[in-house]
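Quick notes on the structure that follows.
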Amino acid sequence: MDKFVVNIIHRPEMVPEYAEKVTGHGKAEDIGRKALLTESLDIFKTQQRLAHENGLKTTIQMTYASLFNEEAVALAKADHEKYGDEISLSLLGLPCKEFREKYKTKDFCIWMFSMEDKKSIVDDIFAKFHEIFGFYPESTGSYYLDAELTNYIKEKYPSVKCAVATCWEEGPKAYHTCNNSWYTLFDGGPWAPWIPSKQNTHAPAANEQEDSGIVAIPHLSRDLIACYDGNGSNFGTHPQNVLRGMIYDSNTWEYPYLYNLIDQYRDLEKYNNGYAYNMMFVGPAWMNKMGRWEAPYELLEKSYSDGCAYYGKLKKEGKLVDMTMAEFADYYREKKHYTEPECALWRDILYGSDKQLFWYCDPYMRVCVNMDQGGAIVDLRPYAAKLEWPVGIGTKHVQDASYPFLIQEKYRAGYFTHYAGEGTVRSAKLSYNGEEVDLCLCRTKAHFSQVENTRILTLDPVDIEFYDLTVKLQTKIYFEEGSSNVKIERNILEMSNPEAKVELNEYMVACYGTTEYPEDMTGIILKCEGAEEKSISYEYRCREEQLAGADAVSAVIPAIETKVSMTSSDKGAVGYVREGYAFSPMFTLGYTKTISDKEVFATWLNLEKAN
């Protein structure tokens with residue numbers, strides 16, 4: 001049966017993030033302030049009540065601080081007995097007097113601690129949970145859980161089967177809109193549930209050997225266009241995200257965008273074998289009695305009440321199934337297999353444009369295709385490398401847990417660049433009599449289909465106009481399950497002069513990184529592979545090599561243990577590689593071919609691990 005599954009997760013955070021400064025305004029810091037603890041618990045009760053009034057069960061993620069509060073513990077036990085709510089354990093909500101006295105720190109992000117401290121904190125919290133409830137939890141979570149800690153938790157506490165494990169696209173974009181003060185950097189992960197690999201939380205497991213033993217869910221369900229283009233914290237199915245984004249009528253206090261966003265998540269069952277998922281993960285800080293996001297408490301409460309009511313309505317209509325996190329983990333393992341991708345053909349529902357993005361995620365890659373740029377690939381994360389990326393104090397990445405990109409239009413410019421240099425993108429150019437047109441300039445629309453284990457994007461044809469020639473071209477993009485590649489097919493449907501010859505240049509401009517700032521490209525090896533081999537060791541010198549009939553053109557990027565290559569369907573095509581320069585620190589792989597009317601030319605973008 002087709003299902004739209006929702007997880008509603010509440011956490012009784014006794015000391016909500018940044019709320020102490022509000023309730024204690026003008027007073028010295030006191031995270032044990034009674035007014036703060038009382039208000040937090042009251043809000044948690046309200047959230048639980050609103051869910052239950054609408055027939056929805058929740059997962060109660062107990063925080064460390066709440067484990068020391070008898071009333072919070074009693075509430076969790078009562079709602080578990082009466083409503084079937086799951087009693088879970090969150091690794092958020094660490095700050096409390098007991099925690100600070102033991103660890104002598106104000107850090108509260110579990111993934112940022114040293115590995116020694118992570119294990120100690122987890123053991124403390126799990127032991128306290130077991131002492132109070134008499135069992136270990138089946139689910140846990142944080143904004144992010146790194147692979148090493150996830151592996152430790154699963155080994156030490158095998159009952160855990162589900163975890164909130166990342167926050168989709170919460171990287172530099174969110175950091176900048178928080179006045180450069182929100183050091184949670186984890187771009188590059190899945191937007192929907194997945195089974196994380198033992199090597200890297202963001203990269204899904206390809207098989208049982210890589211399986212970390214848990215099902216991971218995202219911290220929030222977010223708008224896959226608005227969040228990618230801007231600050232994700234404003235665009236999620238958590239109702240107060242929508243208020244923070246000011247996406248409501250200030251006169252009527254209505255927010256149709258919230259319901260449209262939930263509905264678009266429901267729509268994803270079309271692309272995922274009849275399955276769709278959504279979640280709300282809520283702490284008390286969002287409903288502060290003094291108001292948040294320029295919204296009064298009354299609006300904060302109304303938005304959450306209305307959000308629960310909408311889910312409740314869908315459940316009554318038989319269109320939604322509410323599950324606890326542990327229940328969902330069991331369902332997901334029955335429903336999905338390792339190499340099955342997650343797909344989302346997403347349309348703009350906020351700004352009134354016709355923009356479409358297609359998102360694809362499997363154990364080998366995460367890909368974003370932008371139809372406003374002619375079907376160009378504008379984001380590419382090479383999961384095939386299963387890059388081990390330790391994070392926290394004592395590692396090379398204290399805060400930055402992002403999975404590195406090869407292509408990222410927001411941090412590396414994409415097609416639309418400054419007057420010099422190039423941005424990262426996978427597209428094609430057509431040339432005729434000295435004129436050149438890039439398909440990035442040709443807006444189009446996509447249609448999704450599935451043939452056996454291959455997902456296909458068929459783009460509407462585009463007309464490319466030269467001075468005395470018009471070419472009608474159609475693009476098809478194929479994602480074959482388990483193949484670790486993307487096939488792009490160009491079909492010349494029609495030419496105004498059927499005898500004309502046009503040069504087609506299939507290219508990929510790439511680099512690597514996790515932020516806007518360039519990385520050291522030395523050490524990258526570019527190759528034309530075939531009957532002979534031509535190579536360039538990257539030194540920022542603008543060099544280029546080409547080879548007629550190249551079997552492959554490739555780049556090995558040792559810093560992220562990744563090999564990326566392009567191959568072609570025509571042995572007569574000319575492969576080339578190009579080195580960048582200091583002002584434009586990219587590399588380019590490509591094929592050129594003379595193409596005629598009614599001809600079809602295909603290339604593959606391939607990813608693999610390079611040791």
Side-chain angles (χ1 to χ4, degrees), residues 111 115 118-119 122 136 138-141 144-166 186 188-218 272-273 275 325-326 328-343 360-367 380-391 395 397 401-404 406 453-455 479-486 556-565 606-611:
W111 65 96
M115 196 60 213
K118 287 174 191 173
K119 291 178 179 178
V122 162
Y136 287 117
E138 291 188 288
S139 64
T140 186
Y144 179 74
L145 287 181
D146 57 281
E148 193 174 0
L149 183 59
T150 300
N151 297 339
Y152 176 77
I153 290 172
K154 186 63 184 178
E155 181 182 359
K156 191 86 181 280
Y157 308 99
S159 62
V160 174
K161 60 175 76 171
C162 193
V164 179
T166 197
F186 20 81
W191 63 90
W194 76 106
I195 295 171
S197 62
K198 291 176 181 174
Q199 303 94 310
N200 190 299
T201 295
H202 282 140
N207 50 50
E208 191 174 349
Q209 289 69 42
E210 292 181 358
D211 189 333
S212 63
I214 67 163
V215 172
I217 61 176
N272 296 288
N273 296 325
Y275 149 81
M325 285 177 63
F328 175 74
D330 293 338
Y331 165 77
Y332 187 86
R333 292 224 176 237
E334 289 177 13
K335 175 71 177 170
K336 304 273 276 190
H337 54 264
Y338 288 115
T339 58
E340 183 178 347
E342 189 76 29
C343 300
Y360 177 91
C361 177
D362 73 8
Y364 311 101
M365 67 186 87
R366 195 193 80 175
V367 183
L380 176 64
R381 313 282 171 152
Y383 291 158
K386 292 292 184 293
L387 186 62
E388 294 187 21
W389 190 274
V391 64
T395 73
H397 312 286
S402 297
Y403 198 96
L406 289 172
N453 69 340
T454 299
R455 279 74 177 170
F479 299 87
E480 183 184 352
E481 187 176 321
S483 69
S484 194
N485 67 42
V486 183
V556 172
I557 306 108
I560 57 169
E561 299 172 23
T562 296
K563 179 178 180 180
V564 56
S565 64
N606 314 287
L607 295 167
E608 56 190 292
K609 185 174 182 67
N611 292 319

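For the single chain, residues carry numbers from 1 onward in sequence order. Bear in mind the structure is a predicted one, so any value in this text is a computation, not a measurement.
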Intermediate values then yes/no, side-chain contact (heavy atoms from CB on, under 4.5 Å), Lys156 and Val122 = CA-CA 10 Å; Lys156 191 86 181 280; Val122 162; over 6 Å; no
key: From CA spacing to verdict: side-chain contact (heavy atoms from CB on, under 4.5 Å), Thr339, Asn453   = CA-CA 10 Å; Thr339 58; Asn453 69 340; over 6 Å; no
So, using ring-ring contact (aromatic ring centres under 6.0 Å, His included) as the criterion, who are the partners of [X] when residues are at least two apart?
X      : value
Tyr360 : Phe479
Tyr157 : Phe126, Tyr136
Trp194 : none
Phe186 : Trp111, Tyr144

ask   = How about Pro341 and Glu481: do any of their side-chain heavy atoms sit closer than 4.5 Å?
value =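 When only atoms from C-beta onward are counted, Glu481 and Pro341 do touch, with a gap below 4.5 Å.
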inquiry  = Minimum heavy-atom separation for Met365 and Leu607, please, with both atom names.
reply    =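 That closest heavy-atom pairing would be CB-CD1, 3.7 Å.
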query = Do the numbers put Lys609 on top of the ring of Tyr383, so that NZ or CZ is under 6.0 Å from the six-membered ring centre and no more than 45° off the axis?
reply =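 Lys609 over Tyr383 ring: no.
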message = Going by side-chain contact (heavy atoms from CB on, under 4.5 Å), name the residues that satisfy it together with Lys154, two or more places apart in sequence or in a different chain.
response =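 side-chain contact (heavy atoms from CB on, under 4.5 Å) check on Lys154 returns Ile214.
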request  = Please check if any side-chain donor atom of Lys336 sits under 3.5 Å from a side-chain acceptor atom of Tyr332, or the reverse.
outcome  =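 Side chains of Lys336 and Tyr332: no pair found under 3.5 Å.
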message = Suppose the criterion is side chain to side chain donor-acceptor pair (under 3.5 Å): which pairs have a residue in residues 199-213, not counting sequence neighbours?
response =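 Every pair satisfying side chain to side chain donor-acceptor pair (under 3.5 Å) with a residue in residues 199-213: Thr166-His202, Asp211-Arg333, Asp211-Tyr338.
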